[in-house]
Number of protein chains: 2
Amino acid sequence: MVKVRAPHPDHTVKKILKGPPLSKDPRPLSKKEIRQENEKLILVAAEKVFAEAGFGGATMQLIADLAGLPKANLHYYFPTKEALYRQVVQNIFQIWLQAADVFDAASGPAEGIGAYIDAKMEISRRHPAGSKVWASEVMHRAPVIQDYLETTLVDWTTGRMKLIQHWIDTGRMDPVDPRHLLYMLWATTQHYADFGHQIETLNGAKPLSDEQWKGAKTCIKRIILKGIGVSEADFADL
Amino acid sequence: MVKVRAPHPDHTVKKILKGPPLSKDPRPLSKKEIRQENEKLILVAAEKVFAEAGFGGATMQLIADLAGLPKANLHYYFPTKEALYRQVVQNIFQIWLQAADVFDAASGPAEGIGAYIDAKMEISRRHPAGSKVWASEVMHRAPVIQDYLETTLVDWTTGRMKLIQHWIDTGRMDPVDPRHLLYMLWATTQHYADFGHQIETLNGAKPLSDEQWKGAKTCIKRIILKGIGVSEADFADL
DNA sequence: CCCATTCCTGACCGTATGGTCAAGGTGAGA
DNA sequence: TCTCACCTTGACCATACGGTCAGGAATGGG
């Protein structure tokens, strides 16, 4: 069999990532600004490439091209591919955790869980690449952020479970296992980012419109809130 | 900075995949059997490695070691890494679709959706590697099975949406968007495979026990079925 | 203006990887 | 037993990739 070159399944990546590189700020910059600017540029590009190709499939050259910088320059700011990847994952984790704020500020399940769904759906919409990188990292057994999972994530989850249990104990929702409820919230919301391509394909190869995103949020909130026994009056204002 | 060798984030993979290679059948085999046996051996090993490392991170050598065969032998059965990967993904897609049978055979939403959740949870439990490969493939924009998505998956989904719509029209469940309900079912059930590592970490680094899996299924069914307005009497027998 | 610090980058290197191949083994039909 | 098709595999190859480095350019404090 004549084979020119096995086309990577990632071959599409190169196409997708083509186009004009990320635009630099054209103003004359100070040293401090240059550093900030370039690190940002690299991180944004890296997030995209890691999301599309996975850690193993991503190449420093691809990231460099997308960032509009020479490859050697990446290694000036980030010593290794892994260090760069680590930074990307950590940034995402921060965003992920921030969505919890709305949860805590709430007075009850309808408001708390409703707002959390909204927040996480918004992340899926605005940061699909980040969500994919996170998913990929976890799927591969969290080689670089296992320590975060064991500390920060465990703490976060424990706290939220207590809150939900409190809502249950005070009769504001059905007695469901808070753990599985949380998993359900994560799964459902992140699905719209991680499996966005599938959803897009099933939507006639079009990204979801504003209305469709709104519809998704409403539908998810309605099913889950009703499913855990929150009185319908409490979330009629969707 | 002295650097011996940048340890891949995938470094864990090598450890995990260590241990005795998959056992060959020791009987004397006919030619036909040899082919069947070896292809099976390779596919199983490949599924594991692709799941743990992603397409880019997986190496033919790793797969070969796990299968207990020399690398050149893999290329005898599968001409390229991509061909092997393609076969793995296709097999998974078959399993994924098969779970739909229970959906169709059902007389109503309680039975149909309940059984579908059970079936998909069972897949997550028995085929976590397969589920991860599938997730990874879709996340990377389905470079090798886009055609399947556009044909088989679209057809499947359309059919199931019609069925759900019929249930709605006959007043057996609330009028929810069938599309988002399906996404929710997929997301929630597959989460237990794709994010199994996270779940395991949050479970004190232990895999879910039989009881916990049962609890998860029950909890998911309860929330969703109640959430879509299926009368509680219809799914009391969980 | 000087010079120290920081930034930039083309050219280069060692290695790991996907893939090839030629030679040798092995089962089975005639 | 012969023969042929199929299986097996160690050695090998080309290349792509992560990473290095030396030397030049820009910036900024004194």
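What you are looking at is a predicted structure, and each value in this text was computed from that prediction instead of being measured. Numbers restart at 1 for each chain; the letters A, B, ... are given by sequence-line order, proteins then strands.
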Point to revise | Check: A:Lys71 side chain, D:dG18 base, donor-acceptor under 3.5 Å | key: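 A donor-acceptor contact between them is present.
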Measure [atom1]/[X] against [atom2]/[N] and give the value in whole Å, please.
{"X": "A:Ile42", "N": "C:dT9", "atom1": "CD1", "atom2": "C1'", "answer": "13 Å"}
{"X": "A:Gln61", "N": "D:dA16", "atom1": "CD", "atom2": "P", "answer": "12 Å"}
{"X": "B:Leu41", "N": "D:dC7", "atom1": "CG", "atom2": "C1'", "answer": "15 Å"}
{"X": "B:His75", "N": "D:dT9", "atom1": "NE2", "atom2": "P", "answer": "15 Å"}
{"X": "A:Glu39", "N": "C:dT6", "atom1": "CD", "atom2": "P", "answer": "14 Å"}
{"X": "A:Leu74", "N": "D:dG19", "atom1": "CG", "atom2": "P", "answer": "11 Å"}
{"X": "A:Phe50", "N": "D:dG18", "atom1": "CZ", "atom2": "P", "answer": "9 Å"}
{"X": "B:Asn38", "N": "C:dT26", "atom1": "CG", "atom2": "P", "answer": "15 Å"}

Point to revise | Partners meeting side chain to side chain contact (heavy atoms under 4.5 Å, CB included) with A:Ala83 (sequence neighbours left out) | key: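 For A:Ala83, the residues satisfying side chain to side chain contact (heavy atoms under 4.5 Å, CB included) (neighbours in sequence not counted) are A:Pro79, A:Thr80.
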[X], nearest nucleotide to its side chain (from [options]):
{"X": "A:Thr59", "options": "C:dC7, D:dG18, C:dC8", "answer": "D:dG18"}
{"X": "A:Lys81", "options": "D:dG18, D:dT8, C:dT9", "answer": "D:dG18"}
{"X": "B:Ala72", "options": "D:dG18, C:dC21, D:dT8", "answer": "C:dC21"}
{"X": "A:Ile34", "options": "D:dC7, D:dG18, C:dC7", "answer": "C:dC7"}

When you measure from the side-chain N and O atoms of [X] to the phosphate of [N], is any distance below 4.0 Å, counting only OP1 and OP2?
{"X": "B:Asn73", "N": "D:dG10", "value": "no"}
{"X": "A:Arg35", "N": "C:dC7", "value": "yes"}
{"X": "B:Tyr76", "N": "C:dG19", "value": "no"}

Review point. What residues form a side chain to side chain donor-acceptor pair (under 3.5 Å) with A:Thr188, not counting sequence neighbours?
Key: none
Review point. What nucleic acid atoms does B:Phe78 come within less than 4.0 Å of, heavy atoms only: base, sugar-phosphate, or nothing?
Key: nothing
Exercise for review: Could you tell me whether B:Ala58 contacts a base, only the sugar-phosphate backbone, or nothing, with contacts defined as non-hydrogen atoms closer than 4.0 Å?
Suggested key: sugar-phosphate
Point to revise | Nearest atoms (heavy-atom pairs only) where B:His180 meets A:Cys219 | key: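 So the two residues come closest at CB-SG, 3.6 Å.
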Check your understanding: Which one of B:Trp96, B:Tyr192, B:Tyr116 satisfies the ring pair (Phe, Tyr, Trp, His ring centres under 6.0 Å) criterion with B:Trp186?
Key ->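 With B:Trp186 as partner, ring pair (Phe, Tyr, Trp, His ring centres under 6.0 Å) holds for just one option, B:Trp96.
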Check your understanding: For B:Leu202, does its backbone N or O pair with a side-chain atom of A:Arg179 as donor and acceptor, under 3.5 Å?
Key ->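 Such a contact is found between A:Arg179 side chain and B:Leu202 backbone.
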